[in-house]
Amino acid sequence: MEYKYLETFALKTLSRREYSRLELRIRLIDKGGDPEDIENLLNDFEKKDWLNEDRFVEVLIRSRRNRFGCLKILRELEEKGVSESGISLAKELLSRDEELIAKTIWKKKFGVLPVSLSERGRQARFMQSRGFDQSLVRRILGGED
C-alpha cells in the first residue's frame, strides 16, 4: 500500500475524532499498510502533534465521565493502548469528582435508598458495572453524604 494513501486515510480518520496510537495502527493495518510505513507515519503524526495521547485521554474522559466511573474508563484506556503516563494523567483527572459523578448517576437511575437486601444488591451491581469502586458504592447506598 502506498505511503501517501495511508497518510491521507489516517488524516481523514483523525479528522473525525481522536484515536490512540494503537487504534490508528490497527486501522492502518486493516487497510493493508506496510508495518514499517505505518510506524514511520505514526511517528511523523506524533511529531506534528496530529496524534497526541494526552489529548486522546482528555477527550475520552470528557465523553465518558458523566456515565461511567474511574475503573471502567481506566480499563478502556488500557485496552486502547494508552501508556503508563497517559493512565497517570487519567487517574489525576478522574479522581477529582468521582463521588459527585457516582451520586449523580445513582440519583438519576434510582433516586431512593434501597429498602431490601435484593434491591441493595441490584443497585450495587449497577453502580459497580458502571465502573465505581465498591467502597464508594457502599458509601452511597449507606446514605452517607
Side-chain angles (χ1 to χ4, degrees), residues 6-145:
L6 286 176
E7 183 179 41
T8 303
F9 175 77
L11 279 173
K12 285 182 181 179
T13 301
L14 285 171
S15 71
R16 286 184 226 112
R17 74 166 176 91
E18 293 292 331
Y19 282 80
S20 70
R21 184 179 175 104
L22 176 64
E23 286 180 305
L24 191 56
R25 180 185 301 122
I26 290 170
R27 293 199 64 142
L28 293 170
I29 288 171
D30 288 346
K31 279 292 178 187
D34 177 52
E36 188 176 320
D37 285 346
I38 291 171
E39 285 306 310
N40 292 335
L41 179 71
L42 294 173
N43 291 334
D44 185 42
F45 274 31
E46 284 180 338
K47 285 178 193 166
K48 293 177 180 176
D49 202 36
W50 294 345
L51 183 64
N52 183 301
E53 184 177 78
D54 290 346
R55 191 172 55 228
F56 170 75
V57 167
E58 290 170 7
V59 168
L60 188 129
I61 288 172
R62 219 177 11 252
S63 71
R64 306 283 194 276
R65 191 61 185 134
N66 291 327
R67 294 177 306 174
F68 300 109
C70 182
L71 298 175
K72 189 165 187 138
I73 295 171
L74 290 173
R75 196 172 324 117
E76 184 176 356
L77 289 169
E78 288 172 358
E79 289 170 1
K80 293 183 182 287
V82 173
S83 69
E84 286 300 317
S85 64
I87 297 292
S88 296
L89 171 67
K91 285 179 183 176
E92 179 185 322
L93 293 172
L94 289 168
S95 66
R96 294 180 187 159
D97 55 356
E98 178 80 352
E99 190 162 345
L100 176 65
I101 297 292
K103 284 180 181 180
T104 304
I105 290 171
W106 175 80
K107 281 181 184 176
K108 184 177 178 184
K109 176 75 175 175
F110 301 106
V112 294
L113 290 172
V115 292
S116 69
L117 201 53
S118 64
E119 178 62 20
R120 180 180 175 84
R122 187 171 81 82
Q123 289 185 18
R125 284 189 301 278
F126 172 80
M127 295 300 289
Q128 288 174 336
S129 74
R130 288 294 177 109
F132 293 103
D133 183 65
Q134 191 173 12
S135 62
L136 177 59
V137 172
R138 260 191 252 118
R139 279 198 311 271
I140 291 171
L141 296 181
E144 300 171 24
D145 278 331

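Side chains included, hydrogens not; waters and symmetry mates left out as well; all remaining heavy atoms used.
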**Message:** Let me confirm one number: the CD-CG distance from E84 to L89, rounded to the nearest 0.5 Å.
**Reply:** 12.5 Å
**Item:** Euclidean distance, L41 CG relative to L28 CG, rounded to 0.5 Å
**Value:** 6.0 Å
**Prompt:** Any salt bridge between E23 and R17, counting N to O under 4.0 Å?
**Reply:** yes
**Complete:** side chain to side chain donor-acceptor pair (under 3.5 Å) pairs touching residues 125-134, sequence neighbours excluded, are D133-S135
**Asked** Is there side-chain contact between F45 and R21, with at least one heavy-atom pair below 4.5 Å?
**Response** no
**Message:** Please check this pair: side chain of N40 against backbone of E36, looking for a donor-acceptor N/O pair closer than 3.5 Å.
**Reply:** yes
**Message:** Could you measure the distance from the CZ atom of F9 to the CZ atom of R27? Nearest 0.5 Å is fine.
**Reply:** 4.5 Å
**Prompt:** Do you know the tightest heavy-atom contact between S15 and K12?
**Reply:** OG-O, 2.6 Å
**Prompt:** Is there a side-chain contact between F132 and I140, using heavy atoms and a 4.5 Å cut-off?
**Reply:** no
**Item:** Distance-minimising heavy-atom pair for Q123 and P114
**Value:** OE1-CD, 3.4 Å
**Prompt:** Under a 4.0 Å N-O cut-off, is there an ion pair linking E98 with K103?
**Reply:** no
**Prompt:** What closest approach, in Å, do I101 and N66 show between heavy atoms, and which atom pair accounts for it?
**Reply:** CD1-OD1, 3.6 Å
**Request:** Could you pull out the closest heavy-atom pair between A90 and V57, with the gap in Å?
**Result:** CB-CG1, 3.8 Å
**Asked** Could R122 and F126 be counted as a cation-pi pair, given that NZ or CZ must be under 6.0 Å from the ring centre and within 45° of the axis?
**Response** no
**Request:** Step by step, work out the side chain to side chain contact (heavy atoms under 4.5 Å, CB included) result for V137 and L141.
**Result:** CA-CA 6 Å; V137 172; L141 296 181; 3.8 Å; yes
**Asked** Once you round to the nearest 0.5 Å, how far does CD of E18 lie from CD of E53?
**Response** 11.5 Å
**Message:** Counting only heavy atoms from other residues, nucleotides and ligands, does the tally under 6.0 Å from NZ of K48 exceed 12?
**Reply:** yes
**Prompt:** Are L74 and F68 close enough, and set up right, to give a side chain to side chain contact (heavy atoms under 4.5 Å, CB included), and what steps lead you there?
**Reply:** CA-CA 10 Å; L74 290 173; F68 300 109; over 6 Å; no
**Item:** Spacing of L94 atom CG and K72 atom NZ [to the nearest 0.5 Å]
**Value:** 14.0 Å
**Request:** To the nearest 0.5 Å, tell me how far Y19 OH sits from L51 CG.
**Result:** 11.5 Å
**Message:** Using a strict threshold of under 4.0 Å (side-chain N to carboxylate O), is an ion pair present between E79 and R75?
**Reply:** no
**Request:** Please test L136 against M127 for side chain to side chain contact (heavy atoms under 4.5 Å, CB included), starting from the C-alpha separation and ending with a verdict.
**Result:** CA-CA 9 Å; L136 177 59; M127 295 300 289; over 6 Å; no
**Message:** Please evaluate residues V115 and E119 with respect to the criterion side chain to side chain contact (heavy atoms under 4.5 Å, CB included), reporting the C-alpha separation (whole Å), side-chain torsions for both, the decisive distance (0.1 Å), and the verdict.
**Reply:** CA-CA 7 Å; V115 292; E119 178 62 20; 5.6 Å; no
**Asked** Above 12 or not: heavy atoms from other molecules or residues under 6.0 Å from CG of L100?
**Response** yes
**Smallest separation among heavy atoms of L6 and D37, with atom names** = CD1-CB, 4.3 Å
**Heavy-atom pair with the smallest gap, counting every atom of D49 and N52** = OD1-ND2, 2.6 Å
